[in-house]
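All values reported here derive from a predicted model rather than from experimental measurement. Indexing begins at 1, ligand by ligand and atom by atom, following the structure's order.
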Amino acid sequence: MGNAAEIYALRYATMGSRSLQMNFLQPDPHDTTAQDLDYFVWLIRTPGRDLLVDTGFNAAEAQARNRKLTRNPVDALEAFGVRAADIRDIIVTHLHYDHAGNLDRFPNARFHLQEREMAYATGRCMCNGLLRHPFSVEHVTTMVRHVYGERVTFHNGDGEIAPGVTVHRVGGHSDGLQVARVETARGPVVLASDAAHYYANLQRRSPFPIVYNIGDMAQGWETIERLAGHPDRFIPGHDPLVTELYPRVSEAADAYALHVAPKRSFAT
Ligand SMILES: [Zn+2]
Ligand SMILES: [Zn+2]
């Protein structure tokens with residue numbers, strides 16, 4: 001466990017008043033209420049350096065989309081004791097507005113992105129309003145500028161970012177969606193991002209309705225389970241349950257430690 005890292009989920013926004021149809025393509029008829037949606041960025045602390053997974057959105061984007069921004073992710077990091085200028089590597093799971101904003105706030109970072117995500121976000125599918133909706137042209141344009149500035153490392157499928165930290169393309173929700181696998185003291189933890197918004201999306205094999213390719217999404221759930229090796233070691237991208245299962249570790253920031261065992265287990 002020489003490379004054991006720590007992982008912290010920093011919650012920066014929320015969205016309530018959701019319907020079941022907003023959370024599941026085919027809601028379970030036994031469900032009565034829909035869960036809220038939480039928004040996170042994830043900080044990976046390895047012995048040598050800090051890495052960030054996703055960059056969230058800012059106040060202007062929150063207002064445009066009617067989301068409740070608690071605190072800009074850059075300020076959340078600051079409250080947690082991490083300066084944006086000190087972040088050298090950022091894994092961008094995909095380019096949706098809630099994962100790829102604030103790209104201009106990390107002056108010294110290199111961005112790790114799947115080649116297919118850049119192609120998807122700048123290609124013909126963006127001529128379709130439904131597929132385009134979760135993207136912000138400003139975010140995508142900023143990433144294009146980072147490409148021209150030689151600040152993007154493209155990955156195709158699997159890639160290593162640091163010792164014990166790897167990325168894996170799963171697609172599905174967005175064509176170039178990647179998940180991150182992190183070696184921790186409790187074993188490998190998979191940050192699933194939007195491969196599973198909620199635990200239930202993966203556990204029930206029930207897609208979230210924003211989806212580019214359902215087949216790839218279904219394969220992605222298998223991939224996540226294989227990479228994690230245990231049902232307690234995958235972390236969904238937007239589930240408020242994460243904040244109940246894992247200990248809050250900061251007074252100043254809304255941060256939760258994911259490298260420790262959850263308070264209750266999903267293992268049967
Ligand atoms: Zn997304
Ligand atoms: Zn998302």
Side-chain angles (χ1 to χ4, degrees), residues 9-16 18 22-25 34-43 52-58 61-62 64-70 72-73 76 90-103 111-114 116-123 125-126 128-140 142-143 167-180 190-202 206-214 216-218 220-221 223-224 234-243 254 258:
L10 274 67
R11 180 166 58 178
Y12 70 90
T14 58
M15 183 191 180
R18 295 181 65 85
M22 291 168 80
N23 292 353
F24 299 98
L25 194 59
Q35 287 173 276
D36 291 352
L37 198 77
D38 279 352
Y39 297 86
F40 302 93
V41 296
W42 298 272
L43 178 70
L52 188 64
V53 178
D54 290 342
T55 50
F57 53 78
N58 65 14
E61 194 73 27
R65 294 184 187 256
N66 202 18
R67 307 295 196 254
K68 189 176 177 297
L69 184 77
T70 318
N72 186 291
I90 299 178
I91 297 167
V92 179
T93 62
H94 61 309
L95 288 170
H96 282 172
Y97 82 96
D98 53 324
H99 299 260
N102 301 306
L103 293 175
F111 300 92
H112 296 270
L113 186 68
Q114 288 285 323
R116 277 173 81 151
E117 186 66 1
M118 192 83 251
Y120 179 59
T122 54
C125 285
M126 295 306 104
N128 175 279
L130 184 77
L131 296 173
R132 186 177 64 240
H133 183 72
F135 292 92
S136 156
V137 69
E138 301 305 329
H139 299 169
V140 175
T142 304
M143 190 61 95
V167 293
H168 308 267
R169 179 194 164 266
V170 299
H173 167 74
S174 183
D175 193 38
L177 174 68
Q178 61 186 351
V179 301
V190 174
L191 299 171
S193 184
D194 290 2
H197 281 62
Y198 296 98
Y199 281 104
N201 292 119
L202 179 144
S206 178
F208 191 82
I210 298 175
V211 53
Y212 168 71
N213 184 315
I214 294 178
D216 282 357
M217 181 177 272
W221 298 324
T223 300
I224 289 164
F234 106 85
I235 308 294
H238 290 278
D239 198 331
L241 200 49
V242 168
T243 66
D254 198 10
L258 306 180

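Here the N, O or S atom of His96 that is nearest to the Zn ion (ligand 1) is ND1. Distances from the Zn ion (ligand 1) to the N/O/S atoms of Asp194 are shortest for OD2. With respect to the Zn ion (ligand 1), His94 has NE2 as its nearest N, O or S atom. Asp98 contributes atom OD2 as its closest N/O/S atom to the Zn ion (ligand 2). Among the heteroatoms counted here (N, O or S) of His99, NE2 is the one nearest to the Zn ion (ligand 2).
Using a 4.0 Å cut-off between charged side-chain N and carboxylate O, Asp38 and Lys68 make no salt bridge.
For His96 and Phe135, the distance between ring centers is under 6.0 angstrom.
At a cut-off of 3.5 Å, with distance as the only test, no side-chain donor of Tyr97 or Arg65 sits close to an acceptor on the other residue.
Among the atoms of His238, an N, O or S atom falls under 2.8 Å of the Zn ion (ligand 2).
Other residues, nucleotides and ligands place no more than 12 heavy atoms under 6.0 Å from the CG atom of Asn66.
Below 30°, between 30° and 60°, or above 60°: for His238 and His197 the angle between ring planes is below 30°, a parallel geometry.
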